Amino acid sequence: MPKTIGILTAGGDSPGLNPAIRAIGKTAARAHDMQVVGFLDGFRGVMENRTVRLDGDMLSGILTRGGTILGTSRDKPHRMEVGGQVLDMTGAMIDNCRQLGIDALVCLGGGGTQKNAFRLSKAGMQIVTLPKTIDNDVARTERTFGFDTALSIATEAIDRLHSTAHSHHRIMVVEIMGHNTGWLALGAGIAGGADVVLIPEIPHDIGKVAESLLARKSSGSRFSIVAVSEGSLSAEGAATRAELRKKRAAAESPKEKSERTQALRAFEASRSDSTARLSRELQDLTGLESRVTILGHVQRGGTPSPVDRLLATRLGAEAVQAVADDDFGIMIASQRGEAVRVPLEEVAGKRRSVPLDHPWIQTARQLGMNLGD
Ligand code: F6P
């Protein structure tokens, strides 16, 4: 019997998802005579049995399209809102897949999706995952698809901010996506020639940032570009967050855990205008006029770059090969240019942050960029 593969895309969308879906569909049909069914809107579609047959017509013309033709959501199988209640739907989802004759589920997503897929795998589903996110922070893979496209968009934004910063002799603070990791801000900061780059991995001291901007002014540069990851924190902020996380991890009852989760959420919410505040503080400390640009979801939109298309296509084709080999509970990673199978347990619940001795950090320092420390 030819196998049937189910595919879903979950978490924030990312350029490269459609090329990956296309690669899975075409490889399954052409190299293995398998069928492919798409679930709509992430794990919710599996729970609600909402499917679409991914045949030639559906796959045609999607290589260059951003987003995901399947739709996405951040729903979790083990904590899904159903009829006003939050329920564990893992068993129901596995039953649905059985009834649909799905032999393997390929889940395309970032860190959260890897965790959810691992849970399903432990519950008995035959799972293969692919790493996608513009944040580039999935463990055990050197690249996630979506990152390259977002890097180009963020770099172009910095390029464009240069000319207006120069004309008005201003500080331009640009907020770049990356709630927990700074790959995108650091990469775009270096590629775009930012003067300051602030990332979550390096808690910053605003006094030192201001000093570096004043030093630029003294040396005759009358404008500066400050690239900030949305998750970057001051040293005090980082200490508060670490403490709140520690307390939540040490909670002894579900009630305590929920209270401490609320406290952590309140802290994150209080940071919602942190880039605007940073800009105001820099303006006050330096006496230089400052403006803020928040790139937001523009970074995730539009056509995937050739690099992302190539990566997503290679990983997608290898995912089908893994299904053909009956190799499950794995993610297809990119390591040294190869599509490599890694156990999901080495990926789930882990995050790939920028190592403090990463060559990009060294390069930034060699160039005299200020990293806030
Ligand atoms: O994980 C990808 C990402 O784009 C992050 O960089 C960002 O913090 C987050 O998603 C935004 O999520 P949403 O689209 O749900 O607001």
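These numbers come from a predicted model, not from an experiment. When reading the values below, keep in mind they use all heavy atoms of this one structure, side chains included, and skip hydrogens, waters and symmetry mates. In listed order, ligands and their atoms are each counted from 1.
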More than 12 non-hydrogen atoms from neighbouring residues, nucleotides or ligands closer than 6.0 Å to CZ on Arg245, yes or no? yes
Closest to atom 1 (O) of ligand 1 among protein heavy atoms sits Asp135 OD2, 3.1 Å
In the protein, which heavy atom is nearest to atom 11 (C) of ligand 1, and how far is it? Arg300 NH1, 3.6 Å
At less than 4.0 angstrom from any non-hydrogen atom of His179, what atoms of ligand 1 do you find? 8 (O)
Report yes if the distance between the aromatic ring centroids of His169 and Phe223 is under 6.0 Å, otherwise no. no
So for Gly178, does at least one of its heavy atoms come nearer than 4.0 angstrom to any atom of ligand 1? yes
Below 4.0 angstrom from a heavy atom of Arg74, which ligand 1 atoms are there? Numbered from 1 as shown, please. 9 (C), 10 (O), 11 (C), 12 (O), 13 (P), 14 (O), 15 (O)
Please tell me whether Ser305 and Asp148 have a donor and an acceptor in their side chains that are separated by less than 3.5 angstrom. yes
Does either side chain, that of Ser224 or that of Arg216, offer a donor lying less than 3.5 Å from an acceptor on the other one? yes
Heavy-atom check, side chain of Phe147 versus side chain of Leu184, under 4.5 Å: yes
Could a heavy atom of His297 be found less than 4.0 Å from some atom of ligand 1? yes
When distances are taken from atom 8 (O) of ligand 1, the protein heavy atom at minimum range is Glu230 OE2, 2.4 Å
Would Thr181 and Asp135 count as having a side-chain donor-acceptor pair, cut-off 3.5 Å? no
